[in-house]
Amino acid sequence: TPKITPKETEHKITIPLFQTDKQMHAKYFGYRDVIGENIKRNARYFLGDKELGPGKVYLTFLVSMDGDLERVKVVPEKTQANDSLQKIALRSIEESSPFPPLPSDYQFPVISYNLLIEFK
């Protein structure tokens, strides 16, 4: 009997290095990377095996000192994705919260990030 393997849907989701409005010390890069991996993992989970096509969703969000998500929004003029992908991108950030607390020596009450999530 021939072995039949199920077809697996492989979505590629990338999050290029994302930016903050503050000049970051090298030790905050690890914090940024943890946030990015959590968001990417959630995006894969929420996308599942849906075939929604490719797209790029550009978002901006604020994280408080204690790691709570203060605000998140899609930046429409920089986004090239359907409504479903935009909802998945938003939800992937919302469900990643709370994030780890910011390092205690961070000097601002919040940190803002600009993030691009690419679905391929």
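Atoms considered below: every heavy atom in the structure, side chains included; atoms not considered: hydrogens, waters and symmetry mates.
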Once you round to the nearest 0.5 Å, how far does OG of S96 lie from CD1 of I39? 5.0 Å
Exam field: side chain Y106 to backbone P101, donor-acceptor pair closer than 3.5 Å: no
Interatomic distance, L116 atom CG to Q80 atom CD [nearest 0.5 angstrom]: 9.0 Å
Side chain to side chain, F46 and E95, heavy atoms closer than 4.5 Å: yes
Is the closest basic N to carboxylate O distance between K40 and E37 below 4.0 Å? yes
Output yes when a side-chain donor or acceptor of S97 lies under 3.5 Å from a complementary backbone atom of D68, and no otherwise. no
Test side chain to side chain contact (heavy atoms under 4.5 Å, CB included) on T79 and L59 and set out the steps. CA-CA 8 Å; T79 294; L59 305 111; over 6 Å; no
Nearest non-hydrogen partners of A89 and I117, listed with the distance: CB-CD1, 4.0 Å
Below 4.5 Å, heavy atoms only, C-beta onward: do L102 and V110 meet side chain to side chain? no
Walk me through it: do I35 and Y113 pass the test side chain to side chain contact (heavy atoms under 4.5 Å, CB included)? CA-CA 10 Å; I35 289 175; Y113 287 108; 3.9 Å; yes
I93 vs L115, side chain to side chain contact (heavy atoms under 4.5 Å, CB included): CA-CA, chis, key distance, verdict: CA-CA 10 Å; I93 292 176; L115 170 70; 3.8 Å; yes
Nearest heavy-atom neighbours spanning E94 and L69: CA-CD2, 3.8 Å
Does a side-chain heavy-atom distance below 4.5 Å link I88 with R91? no
Hey, is the main chain of V57 close enough, under 3.5 Å, to the side chain of Q86 for a donor-acceptor pair? no
Here the pair of heavy atoms bringing L62 nearest to S112 is CD2-CB, 3.2 Å
Do F119 and L52 come within less than 4.5 Å of each other through their side chains, counting heavy atoms only? no
Quick one: are F99 and V34 in side-chain contact, heavy atoms under 4.5 Å? no
Measuring from M65:CE to S104:OG, what's the distance to the nearest 0.5 Å? 7.0 Å
Could you tell me which non-hydrogen atom of G55 sits nearest to which non-hydrogen atom of A81, and how far apart they are? CA-CB, 4.1 Å
